[in-house]
Protein chains: 2
Amino acid sequence: MKDFDLGSMVKDHRKKAGLTQLELANLAGVGKTTVFDIEKNKETVHWNNLLAVLQVLNIKIEFKGPFTK
Amino acid sequence: MKDFDLGSMVKDHRKKAGLTQLELANLAGVGKTTVFDIEKNKETVHWNNLLAVLQVLNIKIEFKGPFTK
DNA sequence: TTAATATTACCGCTGTAGCAGTAAAAAAGC
DNA sequence: GCTTTTTTACTGCTACAGCGGTAATATTAA
């Protein structure tokens with residue numbers, strides 16, 4: 001039930017991509033505060049901003065529900 | 001590259017759970033507008049609100065990146 | 001060690017997501 | 001058919017996420 005640590009994953013991928021928070025923010029078209037918040041697991045971020053950051057890092061999202069066909 | 005249709009998935013799961021948009025919104029603790037926007041694939045929703053809705057529907061999220069361990 | 005870079009943390013300000021309310025259009029039930 | 005429920009769509013209003021700027025702390029490199 002506990003939320004998985006997305007922030008650390010983002011940070012890890014960013015590091016391995018050789019990017020700073022500011023660079024990642026610029027690439028994703030968001031502010032540096034947003035990248036910082038994501039890595040700190042703040043759930044107050046906007047969905048589209050999170051998507052933009054994940055896309056830069058090539059992180060895919062999969063949704064699995066009881067009725068996933 | 002195209003975004004997968006999360007809105008339809010949410011709607012489908014909601015239907016199969018026998019919930020109306022309003023009921024789902026109340027269960028998730030968000031407004032009806034938010035549920036409506038999610039099903040319409042508006043990416044402007046807040047991350048925490050999306051999480052709350054998915055949790056009610058038992059939809060899990062998985063992140064898969066190049067460096068996922 | 002010192003210097004340069006990166007991260008964390010705050011600050012106002014602004015834009016807008018979220019809200020409830022309303023109403024009209026669609027869908028479901030009778 | 002008609003009635004009820006649900007969904008869609010719009011409206012002000014409010015709260016706060018996001019923004020850049022700044023500064024302090026932490027990290028890295030030289």
Side-chain angles (χ1 to χ4, degrees):
Chain A
M1 187 111 310
K2 180 58 205 66
D3 231 8
F4 127 98
D5 191 2
L6 177 61
S8 295
M9 179 177 179
V10 168
K11 185 169 189 171
D12 192 50
H13 278 70
R14 174 175 62 78
K15 289 284 191 185
K16 285 180 174 153
L19 297 171
T20 67
Q21 289 181 338
L22 185 57
E23 289 169 332
L24 175 56
N26 290 336
L27 283 173
V30 303
K32 56 184 164 56
T33 310
T34 300
V35 171
F36 174 72
D37 287 346
I38 291 175
E39 294 191 356
K40 281 289 174 185
N41 283 313
K42 281 199 185 174
E43 296 183 340
T44 50
V45 295
H46 283 192
W47 175 229
N48 52 343
N49 285 346
L50 178 59
L51 278 179
V53 170
L54 294 183
Q55 193 165 332
V56 171
L57 299 175
N58 263 309
I59 299 177
K60 306 291 182 191
I61 310 171
E62 280 189 14
F63 301 94
K64 319 184 90 172
F67 307 113
T68 309
K69 51 179 171 322
Chain B
M1 186 111 312
K2 182 56 207 69
D3 232 7
F4 127 98
D5 190 2
L6 176 61
S8 295
M9 179 176 178
V10 168
K11 184 169 189 172
D12 193 48
H13 278 70
R14 175 176 61 78
K15 290 283 191 185
K16 284 179 175 154
L19 297 172
T20 66
Q21 289 182 339
L22 184 57
E23 288 170 331
L24 175 56
N26 290 335
L27 283 173
V30 302
K32 56 186 165 53
T33 310
T34 299
V35 171
F36 175 71
D37 287 347
I38 291 175
E39 295 191 356
K40 280 290 175 182
N41 284 312
K42 280 200 184 172
E43 296 181 342
T44 50
V45 295
H46 284 192
W47 176 229
N48 52 345
N49 283 347
L50 178 58
L51 278 180
V53 169
L54 293 183
Q55 193 165 332
V56 170
L57 298 175
N58 264 307
I59 299 177
K60 307 291 181 191
I61 310 173
E62 280 188 13
F63 301 94
K64 320 185 88 172
F67 306 113
T68 307
K69 53 178 174 319

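A, B, ... follow the sequence lines: proteins, then strands. Residue 1 opens every chain. Nothing here was measured: the structure is a model prediction, and the numbers come from that model.
Judged as a side-chain hydrogen bond (donor to acceptor under 3.5 Å, both in side chains), the pairs with a partner in residues 29-39 of chain B (not counting sequence neighbours) are, in order, R14(B)-E39(B), Q21(B)-E39(B).
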Using the 3.5 Å cut-off, write out each protein N or O paired with an N or O of nucleotides 12-14 of chain D and the distance between them.
none

For nucleotides 21-23 of chain D, give me every protein contact, N/O to N/O, under 3.5 Å, one pair per line with atom names.
from, atom 1, to, atom 2, distance (Å)
dG21(D), N7, K32(A), NZ, 3.0
dG21(D), O6, K32(A), NZ, 2.9

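Within the helix from dT1(C)-dA30(D) to dC30(C)-dG1(D), the inter-axis angle between the opening and closing five-pair segments is 70°, rounded to 10°.
Protein atom CG of D37(B) is 11 Å distant from nucleotide atom C1' of dT8(D), rounded to whole Å.
Taking only side-chain nitrogens and oxygens, N49(A) comes nearer than 4.0 Å to OP1 or OP2 of dG18(D).
Ring pair H13(A)/F67(B) is tilted by interplanar angle, where 30° to 60° counts as tilted.
Less than 4.0 Å separates DNA chain C from at least one heavy atom of each of the following residues of residues 13-27 of chain A: R14(A), K15(A), T20(A), Q21(A).
Annotation: side chain to side chain contact (heavy atoms under 4.5 Å, CB included) contacts of A52(B) (sequence neighbours excluded): A28(B). Judged as a side chain to side chain contact (heavy atoms under 4.5 Å, CB included), and not counting sequence neighbours, the contacts of N26(A) are L22(A). In terms of the side-chain hydrogen bond (donor to acceptor under 3.5 Å, both in side chains) criterion, K15(A) has no residue partners (sequence neighbours excluded). In terms of the side-chain hydrogen bond (donor to acceptor under 3.5 Å, both in side chains) criterion, residue partners of H46(B) (sequence neighbours excluded) are, by chain and number, H46(A). Here S8(B) pairs with D5(B) under the side-chain hydrogen bond (donor to acceptor under 3.5 Å, both in side chains) rule; sequence neighbours left out. In terms of the side-chain hydrogen bond (donor to acceptor under 3.5 Å, both in side chains) criterion, K42(B) has no residue partners (sequence neighbours excluded).
Using a 4.0 Å cutoff to heavy atoms of chain A, the contacted part of DNA chain C runs 5' to 3' from dA6(C) to dA17(C).
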